[in-house]
Structures are given as structure tokens and as C-alpha cells.
Amino acid sequence: MSANLFTRLAAAGDPAAPFIVTPDGTTLSYSYAGMRARTAQLANMLVAVGVAPGDRVAAQTEKGVDALLLYLAAVRAGAVFLPLNTAYTPAELDYFLGDAEPRLFVCGRAAEAALAPVARKAGVAALLTLDADGGGTVAGAAAAQSPEFADVLRSGDDLAAILYTSGTTGRSKGAMLSHDNLWSNAATLKDIWHFTAADRLIHALPIYHVHGLFVATNTVMAAGAAMLFLPRFDARGIVAAMGDANVLMGVPTFYSRLLDEPALTEEAARGMRLFVSGSAPLSAEVHRRFRVRTGHAVLERYGMTETGMITSNPYDGDRIAGTVGFPLPDVSVRIADQATGAISAQGEVGMIEVKGPNVFKGYWRKPEKTAEEFRADGYFVTGDLGRIDDRGYVHIVGRAKDLVISGGLNVYPAEVEDALDALPGVAESAVIGVPHADLGEAVVAVVRREGGSAIDEAAIGAALRDRLARFKQPKAVRFVDEMPRNAMGKIQKKALRERFAGLFAAAEVAS
Ligand code: MCA
Ligand code: AMP
């Protein structure tokens with residue numbers, strides 16, 4: 001049998017059952033049969049513009065129903081889907097398109113003029129447009145196509161998607177995810193989170209990352225369930241949607257913002273059966289307050305772009321705040337010495353390493369980078385530090401990688417520092433994450449000016465505007481005369497984090 005992810009995911013859905021439900025009308029809502037017909041049209045369109053199996057299809061599109069169906073269509077057609085954060089600037093896109101060499105690039109209509117030269121430079125053969133409401137040239141190109149399509153045969157190891165993820169050094173790397181990688185995670189999550197065709201998920205995450213694209217969409221499909229498809233997170237809209245759905249997946253910022261929404265009450269959440277959090281640490285305090293307010297213990301899980309989901313708190317059993325639960329049934333997790341790779345003793349803190357059908361195939365065209373991240377026996381080195389307690393719960397205690405997670409989005413300090421250091425007037429910089437009540441961590445730049453320079457926060461902000469996506473730009477810039485350094489001369493970020501920890505001190509909040 002073909003291992004095409006779409007073929008396997010779509011097998012569960014009753015043709016008459018709802019798949020995507022939009023809150024504001026029926027035209028963009030699709031049953032499973034409707035989804036099949038629309039993705040067939042889109043897959044035929046991909047073939048018509050020259051997309052062959054194995055070709056990359058890159059998309060930087062606002063969240064919309066057709067944008068999601070384009071992902072499924074690409075998988076049906078045996079192409080490799082490459083979603084791109086809508087916040088990326090043309091300068092950032094230039095790298096992704098040049099590296100991935102997609103056959104087709106799809107962007108919003110308003111961005112077409114700015115991005116067409118970027119796509120041309122990367123040798124992209126076809127450029128189409130797609131807006132959140134379905135407007136753009138994709139719709140016209142798909143309209144004439146047949147609503148029938150024979151899913152392209154794929155093996156489990158063939159690629160279904162490439163997602164770019166930054167490293168502590170160098171440029172972003174494309175994580176190659178196979179049909180089997182994505183299928184194994186979807187099938188497992190459906191089982192352990194008890195998804196059935198009766199479920200309706202509130203989908204408010206962006207669809208350019210693993211969480212909203214794969215964890216949410218694939219798990220729903222594997223169960224033949226439905227999703228209430230919201231354009232973005234909005235606390236009041238989520239609470240209203242709770243009357244019409246029963247599962248929510250979100251990043252911790254969703255939960256802290258929901259707690260600030262007075263309409264969130266036990267009564268409002270009565271029809272819900274599951275709240276899932278991931279992508280960044282959920283504070284024990286938010287977990288506790290959410291339980292007090294709604295009666296629900298948020299189920300926290302842990303994952304990575306390269307691995308999909310790795311661990312999850314139990315559906316039945318204690319969902320323990322501050323832990324990320326147990327390894328998924330088909331995933332092996334171990335703790336090892338960061339430097340030597342020696343397996344650590346029970347309960348010790350060390351590097352979290354992972355092996356299983358969920359672990360990616362390597363970084364696109366970077367075999368040496370891939371080799372660096374794996375142990376000889378096939379375990380992937382996550383860069384997260386953790387321990388496993390005597391009940392088997394995994395605790396994440398820190399990161400060996402220099403990474404800031406802001407509102408569930410990853411920011412690699414090295415990338416921001418490179419941009420800062422290139423500015424006239426900046427002698428050196430250090431980018432750190434400091435506690436932030438809303439975003440978990442906020443990006444802060446610490447800068448030492450060149451002698452005589454008067455460069456200030458506003459000038460730095462203006463200079464970075466077109467270079468870096470908005471979420472990577474520092475929320476504050478602080479100037480120092482001297483960077484704290486260790487004996488080796490390396491900047492001590494820990495000391496900077498301590499010094500600036502109170503910059504966004506959380507206001508007192510009531511339960
Ligand atoms: C928006 N801004 C941000 C962020 N989002 N700045 C820092 N961090 C962010 N995450 C900027 C906006 O451009 C805006 O700038 C200003 O901050 C305020 O925007 P606001 O309206 O408050 O933001 P929002 O549109 O409400 O978005 C916040 C959000 C969103 C809802 C938390 O960022 C979000 O949906 N995050 C989820 C990301 C996600 O899906 N992560 C999963 C990755 P200005 O006003 O100056 O223009 S997958 C993953 O990590 C692994 C695999 C896993 O385990 O899941
Ligand atoms: P990404 O590169 O977007 O896949 O981000 C993956 C990283 O997010 C992981 O390596 C962790 O550092 C972090 N992460 C994801 N889920 C959690 C969680 N529940 N708790 C703490 N960190 C998390």
C-alpha cells in the first residue's frame with residue numbers, strides 16, 4: 001500500500017462528516033468529501049504548473065482554508081510542502097527560496113510585487129498568489145481542474161515537508177520530514193489524546209509551523225474529526241468557540257491570555273474535553289490558575305520541528321504542571337551527558353535525546369549538520385536539558401542551545417546579533433531572552449556602542465525593520481559600557497539575563 005500521508009490521513013473521514021468549519025459562513029467550510037474534491041483540484045493544478053513528485057512547493061500565505069488545503073494537495077501530489085512564516089521579510093525569503101529551490105512559490109497578492117524578483121532570482125518556475133479569503137491566482141488555476149485525483153504513490157521515507165529551523169550557528173536548516181514521520185505522530189497522538197470522529201478542535205494556531213500544521217491538522221484528520229478554523233488567536237473568540245467545539249491546542253501565551261479574559265469561566269469551558277499546550281514551557285502558575293478557573297488540567301506536551309511530538313502528559317492520569325509527561329509509546333527518550341554522550345543515571349539532568357519513527361530524515365542538503373546532531377546509535381540530540389523522574393515524567397530544565405522562545409516562536413540570538421553587529425555604531429551585541437508575562441520570554445538586545453557613536457534604541461529598531469521578521473526584533477535594547485565575560489573571554493549571557501530579568505516584570509494577577 002502507498003505510504004502517502006494524505007491517503008492514510010484521509011482514510012478515516014466519513015465523506016459526509018465536517019472537516020473544516022469556518023465560524024462566519026459555509027462557503028469555505030468543507031466536509032471530508034468536499035475536502036477531497038478541493039484538494040484534488042489543487043493537486044491537479046500543481047501538476048498543471050509543472051510540480052512533479054519530489055518537487056518543493058513553498059508557501060508564504062496568510063492563514064486560510066485554501067492555504068491549508070494546499071498543504072494537503074501538495075502531499076497528495078507527492079510534492080514536498082514548505083510553509084513559511086508570514087512574518088519573514090523578503091531578505092529572509094531570499095535565503096529560503098534559494099536553499100530549497102521550490103518549483104512553485106505561493107504568496108499573498110499584496111506581497112507579489114516584492115517577492116516576484118526574489119522568486120525569480122531563486123529560479124522558481126511558477127509563482128501564484130493566494131489570500132486568506134481564497135482570492136488570488138491559485139483559485140483561478142484550480143477552478144478548471146478535475147475534482148478527482150489519484151494520490152501519488154509514496155514510500156514511507158519519501159519527503160512530505162521541509163520546515164526551516166534555525167541553528168545556534170549559521171543559517172536556517174531545512175528539516176526533512178517524511179510521510180512516515182508525520183503519519184506516526186498523527187496516529188499516536190490520535191490514540192493517546194483519545195480523538196474520535198465526534199471531536200471538534202478549535203484551530204487558532206498559525207499553519208506555518210509543526211504545531212498548527214501537523215499536530216492539529218493531522219491528528220484531527222487521522223480521527224475523521226473536525227476543526228473550527230479561526231484566522232488567529234483572539235481570547236474572546238476562543239471562549240465563544242468553546243460552545244461549539246471540545247478541544248483546544250495552543251502555545252502557553254494562549255493560556256495566559258485566556259486567563260486575562262473575564263468570559264473564561266467553568267461554565268464557558270463545560271463542553272471542552274481537552275486543552276493541550278506546547279511549543280514553549282507552560283508555567284506551573286498558569287497551569288494552576290487555569291485549573292482553578294475552568295476545572296481543566298491543561299495537558300502539556302513537548303516537541304520539536306525535527307521530531308514532531310516527543311512526550312505528552314497522560315490523558316488519563318496525573319497531568320503534572322512543570323513536566324512534559326511521558327515519551328510517546330513509539331518514541332525512545334534518554335538523558336545523556338552533554339559532552340560525552342554517556343547515558344546519565346536515573347534522575348540526573350542531561351541532554352534529552354530521542355529516537356523513533358517521528359525523527360526526521362536530516363537537514364536539507366546539509367549532511368554534515370545532520371551528522372552533528374545525531375549520536376552513533378541513531379539518537380537525535382535535542383539541545384534541551386532535562387531529567388526523568390522516578391515516575392517516568394520528563395522535566396525540561398533548560399536549554400543547551402542559545403534559543404529564545406517568544407510566544408511559541410523561536411528566535412536564535414546569533415541571527416539577531418549578526419544583524420546588530422553589522423550596524424555602524426555597534427561594537428558588539430548579545431541577545432537574550434528575559435521573562436515576559438505574555439510571551440514567556442521577550443527578546444532583548446544588549447549593545448556596546450563603538451566609541452563616539454550615539455546610536456540609540458529607535459535607530460536600531462528602524463535599521464532592523466526590513467532585515468528581520470517582527471517577532472525576532474528586540475522588544476528592548478539596553479546599552480552597556482562593558483560586556484560581562486568569563487575567563488575565556490566569552491560573553492556571559494547568564495549574567496546579562498540576571499541583570500535584565502526585571503525589564504518586563506509581570507504585574508500581579510489574580511486567579
Ligand atoms: C507577534 N508578535 C510577536 C509574536 N507574535 N512578538 C514576539 N513573539 C511573538 N510570538 C509581534 C507582532 O508582530 C506585533 O508587533 C506585536 O508583537 C504584538 O502582536 P500581538 O497582536 O500581541 O500578537 P498576536 O498576533 O496576538 O500573536 C501572538 C501569538 C502568536 C498569538 C502568541 O505569536 C502565535 O500564534 N504564536 C504561536 C506560534 C506557534 O504556532 N508556534 C509553534 C511552533 P507590532 O505591533 O510591533 O507590529 S512549532 C514548535 O515550536 C514545536 C514543534 C512544538 O513543540 O510545537
Ligand atoms: P521548534 O524549533 O519550533 O521545533 O522548537 C522546539 C523547541 O521548543 C524545543 O527544542 C524546546 O526547547 C521547546 N519546547 C517545545 N515544547 C515545549 C514544552 N512543552 N516545554 C518546554 N519547551 C518546549
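Note that ligands are numbered from 1 as they come in the structure, with each ligand's atoms numbered from 1 the same way.
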Can you find a protein heavy atom under 4.0 Å from [atom]?
{"atom": "atom 29 (C) of ligand 1", "value": "no"}
{"atom": "atom 41 (N) of ligand 1", "value": "yes"}
{"atom": "atom 19 (O) of ligand 1", "value": "no"}
{"atom": "atom 1 (C) of ligand 1", "value": "no"}
{"atom": "atom 32 (C) of ligand 1", "value": "yes"}

Can you confirm if the NZ or CZ of [X] lies within 45° of the ring axis of [Y] and under 6.0 Å from the centre of its six-membered ring?
{"X": "R273", "Y": "F275", "result": "no"}
{"X": "K63", "Y": "F229", "result": "yes"}
{"X": "R56", "Y": "F81", "result": "no"}

Numbered atoms and elements of ligand 1 in range of [X], under 4.0 angstrom, heavy atoms:
{"X": "F471", "result": "3 (C), 4 (C), 6 (N), 7 (C), 8 (N), 9 (C)"}
{"X": "T253", "result": "32 (C)"}
{"X": "G303", "result": "54 (O)"}
{"X": "L205", "result": "40 (O)"}
{"X": "T305", "result": "52 (C)"}
{"X": "V210", "result": "48 (S), 52 (C)"}
{"X": "H209", "result": "43 (C), 48 (S)"}

K361 and its salt bridge (charged side-chain N to carboxylate O under 4.0 Å, His left out) partner, picked from D180, D158, D157: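 Running salt bridge (charged side-chain N to carboxylate O under 4.0 Å, His left out) over D180, D158, D157 with K361 returns exactly one hit, D157.
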
Is ligand 1 less than 4.0 angstrom away from at least one heavy atom of [X]?
{"X": "K472", "result": "no"}
{"X": "M304", "result": "yes"}
{"X": "R301", "result": "yes"}
{"X": "P206", "result": "yes"}

Checking [X] side chain against [Y] main chain: does a donor-acceptor pair fall under 3.5 Å?
{"X": "Q60", "Y": "Y88", "result": "yes"}
{"X": "N246", "Y": "D199", "result": "no"}
{"X": "H179", "Y": "L5", "result": "yes"}
{"X": "E457", "Y": "V477", "result": "yes"}

Criterion side chain to side chain contact (heavy atoms under 4.5 Å, CB included) against L163, the qualifying member of L82, T305, L84: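 It is T305; the other options fail the test.
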
Compare [options] and give the one whose heavy atom is closest to [atom].
{"atom": "atom 53 (C) of ligand 1", "options": "A280, S279, A175", "result": "S279"}
{"atom": "atom 22 (O) of ligand 1", "options": "E441, R257, E306, H211", "result": "R257"}
{"atom": "atom 16 (C) of ligand 1", "options": "R470, H436, K475", "result": "K475"}
{"atom": "atom 36 (N) of ligand 1", "options": "G407, G408, P252", "result": "G407"}

E415 bridged to R467 by N-O distance under 4.0 Å: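 So E415 does not pair with R467 through a salt bridge.
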
K401/D384 ion pair, N-O < 4.0 Å: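 Answer for the salt bridge query: yes.
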
Closest protein heavy atom (residue, atom, distance) for atom 5 (N) of ligand 1: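 The closest heavy atom on the protein side is L409 CD1, 4.5 Å.
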
Side-chain donor-acceptor contact under 3.5 Å, T340 with D337: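 The answer is yes; a qualifying pair exists.
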
Modelled atom types, side-chain donor and acceptor of Y393 and N313, under 3.5 Å: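 Side chains of Y393 and N313: no pair found under 3.5 Å.
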
Parallel, tilted or perpendicular, as decided by the 30° and 60° cut-offs, for the rings of F195 and W193: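 Geometry flag for F195 against W193: tilted rings.
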
Sub-4.0 Å heavy-atom environment of ligand 2, residues by chain: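 If the criterion is a heavy atom under 4.0 Å, then ligand 2 touches T165, S279, A280, P281, E300, R301, Y302, G303, M304, T305, V324, D384, I396, R399, K401, I405, N410.
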
S406 N/O to ligand 1 N/O under 3.5 Å: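 Checking ligand 1 against S406, an N or O pair does fall under 3.5 Å apart.
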
Contact check, side chains of I238 and I202, non-hydrogen atoms, under 4.5 Å: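 A side-chain contact exists here, since the closest heavy-atom pair is under 4.5 Å.
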
For T86 against T61, the heavy-atom pair lying closest together: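 It is CG2-O, 3.2 Å.
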
F214/Y71 aromatic ring centres below 6.0 Å: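 Under 6.0 Å, so yes.
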
